[in-house]
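A short worksheet on the structure shown next.
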Amino acid sequence: METKTKKLKIDLLNWYKKNKRDFSWRKTTDPWQILLIETLSQQTQLERANEYFDKFIKEFPSPKSMANSSLKIILKMWSGLGYNNRAKRLYEASKIIKKKGFDQIYPNFDALPGVGPYTKNAILSFGYGEKVLAIDTNIQRIIQRYFGLNDTKDFFKENSKYFLQNVDSRDINQAFMDFGSSICKSSNPTCSVCPIESCCNKYFSDSKSSKEKFKGSNREVRGKIVKLLVNKGHVNNLKLFEEIDEDYEKVNKALEGLKKDNLIKIKKNNIIEINSN
Ligand code: SF4
């Protein structure tokens, strides 16, 4: 496993040298910019997240500028990205960072709302140059396929050190990211042009496209409701059910979820609006 892991690292870094994508935030070590792009790109393609990043960093160049804004303004800018909880958590995180600063929170960034092990390690690697792997779905998928594994937990425990030896962790993390989104994609990986094809076990798992999964999903209905409330300010219960063209049960479930996540509030007179608190 050690030899194959080291070979994968060398092959990936060689591929990355010639194929890396150029984004403004890849040149920064500012943890705020890294937190922002990592939050925007969760469940979103990097190119699309990058368009939002440009808008967000212009409006909110620091955690303080976001903390001093409102959830309604942030959700309006977030419109079209979905998973609105991410926006709310980012807003909450900005308030904490405004008070403490990143350096006081370091290295426990996973104490911030919305920051899990992946984003924590992305901030540590890209912002602080720490020797850590940021393990997201891209890297997991590549490892699963390349080594023919169902579960990658033990693999990373035993082999992360080989990926990180004698390299800048930023390069290996970004190499996995770019390789996973352009060659070893979740659906239709381009194995015919893959530079590591000769050693790959080609283990495939998920065959259902993400578009199919999204249609009519709770996530889609939640997105429709938030968009409506951001555009209209507030609506009454009946109007909302009329405007959201989905089954009653689905809309009700989405409303309950949004209320539970404190993204919306339902007043006594059944008026629904974004919860700006
Ligand atoms: S050969 Fe196919 S499955 Fe294997 S790493 Fe390359 S693109 Fe992924």
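Read the numbers this way: they start at 1 and go in the same order the structure lists the ligands and their atoms. Keep in mind that this is a model prediction, so the values were computed, not measured.
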- [ ] Give a yes or no on whether Cys200 keeps an N, O or S atom under 2.8 Å from atom 2 (Fe) of ligand 1.
- [x] no
Open item on the list: Applying side-chain hydrogen bond (donor to acceptor under 3.5 Å, both in side chains), can you list everything that pairs with Gln165, at least two apart in sequence or on another chain?
Closed with: none
Open item on the list: Please list, in number order, the atoms of ligand 1 under 4.0 Å from a heavy atom of Arg145.
Closed with: 3 (S)
TODO: May I ask you to list the atoms of ligand 1 that are less than 4.0 angstrom from any heavy atom of Cys194?
DONE: 1 (S), 5 (S), 6 (Fe), 7 (S)
TODO: Sequence neighbours left out, what passes side-chain hydrogen bond (donor to acceptor under 3.5 Å, both in side chains) with Thr190? Give chain and number order.
DONE: none
Open item on the list: Any N/O/S atom, side chain or main chain, of Cys184 closer to atom 6 (Fe) of ligand 1 than 2.8 Å?
Closed with: no
- [ ] Establish, yes or no, whether a centroid distance under 6.0 Å links the rings of Phe56 and Trp78.
- [x] yes
Open item on the list: Does the plane of the ring in Phe176 sit parallel, tilted or perpendicular to the ring in Phe163? Use 30° and 60° as the thresholds.
Closed with: perpendicular
- [ ] Identify, by atom number and element, the atoms of ligand 1 in contact range of Ile196, meaning under 4.0 Å from any of its heavy atoms.
- [x] 5 (S)
TODO: Please state which part of Glu197 comes within less than 4.0 Å of ligand 1, counting heavy atoms only: side chain, backbone, both or neither.
DONE: both
Open item on the list: Tell me whether Lys18 forms a cation-pi arrangement with Tyr16, defined as NZ or CZ under 6.0 Å from the six-membered ring centre and within 45 degrees of its axis.
Closed with: no
